[in-house]
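A short write-up of the structure that comes next.
Please read these numbers as outputs of a predicted model, since none were measured by experiment. Only this structure's heavy atoms are used, side chains among them; waters, hydrogens and symmetry mates stay out. First listed ligand is number 1; within each ligand, the first listed atom is number 1.
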Amino acid sequence: MNNNLANIKKSIFYLNKSECVAIPTETVYGLAANAYSSKAVRKIYALKKRPRNNPSIVHYSSLNRLEKDCELNKNFLILYKKLCPGPITFVLKLKKGSRISRIVTNNKTTVAVRFPKNKLTQKLLGLLKYPLAAPSANISTKISPVSKEDVKEEFGNKIKFILDGGRSTIGLESTIISLVDKPKILRLGGMQRSKINKVLNKIIKYDRNNKKITAPGQSKLHYSPGIPIKLNTTEPKHDEAFILIKKRKKSCKNYFYLSKTKNLKQAAKNLYRILRKIKKKNYKSIVVEKIPNFGFGEAINDRLKKASAK
Ligand code: TXA
Ligand code: MG
């Protein structure tokens with residue numbers, strides 16, 4: 001614990017100097033900076049090579065703080081009470097007088113906010129005088145990091161500090177729900193849709209075509225290991241990495257299991273780790289077995305589709 005406290009203090013030291021620090025969350029690691037400082041937030045965009053028109057998520061540890069920046073509504077309060085802290089991000093209206101940097105929101109009147117579950121990050125947020133803007137801690141379009149080592153692989157020593165909180169327990173980004181008008185899901189992720197539906201007692205639509213933010217001509221590619229991926233394959237060629245959802249009787253060295261028992265939650269947790277592993281083994285292409293499209297399978301298929309976009 002002492003070690004943790006020293007590392008939290010080190011994070012505060014750099015964040016207060018408008019530097020970026022990588023922080024652990026239960027979904028993926030984030031590249032964090034003071035959300036109230038444009039100077040600090042610009043550094044996130046430069047390090048990630050992230051297009052400026054893609055707004056970032058702001059992370060909080062308490063409702064008191066959030067109230068200063070956003071308009072809270074009934075749906076938000078219901079979801080917050082049941083599902084936070086956790087892998088869900090809310091898009092809300094910005095409050096007049098909010099200090100959130102215009103760079104974080106790309107000058108929009110809305111902001112995406114979230115309450116991460118990782119204990120170290122919660123403690124860090126509680127000790128800071130500002131919330132943290134934090135997109136996933138990877139170079140834009142690449143695979144999201146789920147451990148300190150992954151973040152190192154992405155940025156080398158270009159970032160000042162990585163707060164080590166162990167491996168992310170969920171392993172996929174948060175689910176994003178817009179609560180600005182009628183609730184709608186903008187991104188599938190670590191919070192299952194069925195849970196959100198249950199809490200709000202209605203079926204929330206997934207806005208699959210929410211083209212939003214992306215600039216014309218910008219590649220659809222995301223979460224990419226940098227080699228071609230083909231989905232819904234039954235048999236691989238001998239030189240292709242083959243991702244499977246359950247154990248086969250006859251296994252080969254190019255077989256990579258997301259789960260041995262078709263457990264979709266476990267598969268979601270392993271997805272980015274396995275994509276990274278395959279990339280390091282220098283395979284030239286990846287093929288993936290058909291993955292059931294329900295529960296966490298929906299989010300896994302969404303990521304694989306984007307990772308295989310041309
Ligand atoms: O689990 C997560 O959400 C992780 C951890 C670090 O919290 N963060 C994450 O951030 O995945 P990022 O930047 O990789 O993805 C954020 C997504 C982007 O697709 C962005 O377009 C969307 O959130 N977003 C941000 N602000 C928005 C807004 N005001 N309206 C709609 N979408 C927004
Ligand atoms: Mg990302």
Of all the atoms in ligand 1, which lie at a distance below 4.0 Å from a heavy atom belonging to [X]?
X: His59; value: 5 (C), 6 (C), 7 (O)
X: Arg50; value: 13 (O)
X: Ser174; value: 1 (O), 2 (C), 3 (O)
X: Leu186; value: 31 (C)
X: Val28; value: 4 (C), 6 (C)
X: Gly30; value: 6 (C)
X: Arg187; value: 2 (C), 3 (O), 9 (C), 11 (O), 15 (O), 16 (C), 17 (C)
X: Lys108; value: 28 (C), 29 (N), 30 (N)

* Qualifying residue, where the test is side chain to side chain donor-acceptor pair (under 3.5 Å) with Thr27 and the options are Glu173, Lys117, Arg114 ->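 The passing option is Arg114.
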* Start with the C-alpha distance between Asn64 and Ser62, add both sets of side-chain angles, then the distance that settles side chain to side chain donor-acceptor pair (under 3.5 Å), and finish with yes or no. => CA-CA 5 Å; Asn64 289 346; Ser62 82; 4.8 Å; no
* May I ask you to check whether Phe115 and Tyr80 place their ring centres under 6.0 Å from each other? =>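 Between Phe115 and Tyr80, which both carry aromatic rings, the centre distance is below 6.0 Å.
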Side chains of [X] and [Y]: donor-acceptor distance under 3.5 Å anywhere?
X: Ser251; Y: Tyr257; answer: yes
X: Ser136; Y: Asn138; answer: yes
X: Asp302; Y: Tyr223; answer: no

* More than 12 non-hydrogen atoms from neighbouring residues, nucleotides or ligands closer than 6.0 Å to NZ on Lys247, yes or no? ->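 Above 12, so yes.
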* **Listed protein N/O/S atoms, distance to the Mg ion (ligand 2) under 2.8 Å** =>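 Checking every protein N, O and S atom gives Ser136 OG.
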* Asked: Only one of Thr89, Leu186, Ile185 forms a side-chain contact (heavy atoms from CB on, under 4.5 Å) with Ser178, so which one is it?
  ->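 The residue from Thr89, Leu186, Ile185 that satisfies side-chain contact (heavy atoms from CB on, under 4.5 Å) with Ser178 turns out to be Leu186.
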Can an N or O of [X] be found at a distance shorter than 3.5 Å from an N or O of ligand 1?
X: Thr27; value: yes
X: Asn54; value: yes
X: Thr110; value: yes

* Run the salt-bridge test on Lys280 and Glu153 with the 4.0 Å N-O cut-off and return the result as yes or no. =>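 Answer for the salt bridge query: yes.
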* Hey, are Glu289 and Lys262 close enough for a salt bridge, meaning a charged N less than 4.0 Å from a carboxylate O? ->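 Lys262 and Glu289: not salt-bridged.
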Record the part of [X] in heavy-atom contact with ligand 1 below 4.0 Å; permitted values are side chain, backbone, both and neither.
X: Ala134; result: backbone
X: Thr105; result: neither
X: Ile176; result: side chain

* Test log, rule side chain to side chain contact (heavy atoms under 4.5 Å, CB included), inputs Tyr29 and Asp150 -> CA-CA 9 Å; Tyr29 273 65; Asp150 293 353; over 6 Å; no
* To do: Could you go through the side chain to side chain contact (heavy atoms under 4.5 Å, CB included) check for Ser144 and Arg303 one step at a time?
  => CA-CA 11 Å; Ser144 301; Arg303 300 302 190 271; over 6 Å; no
* **Heavy-atom nearest option to atom 27 (C) of ligand 1, drawn from Ser56, Pro55, Ala32, Ser144** =>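 Checking each option, the heavy atom nearest atom 27 (C) of ligand 1 is found in Pro55.
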* Verdict with supporting geometry, Gln192 and Lys198, side chain to side chain contact (heavy atoms under 4.5 Å, CB included) -> CA-CA 10 Å; Gln192 290 195 68; Lys198 201 168 163 203; over 6 Å; no
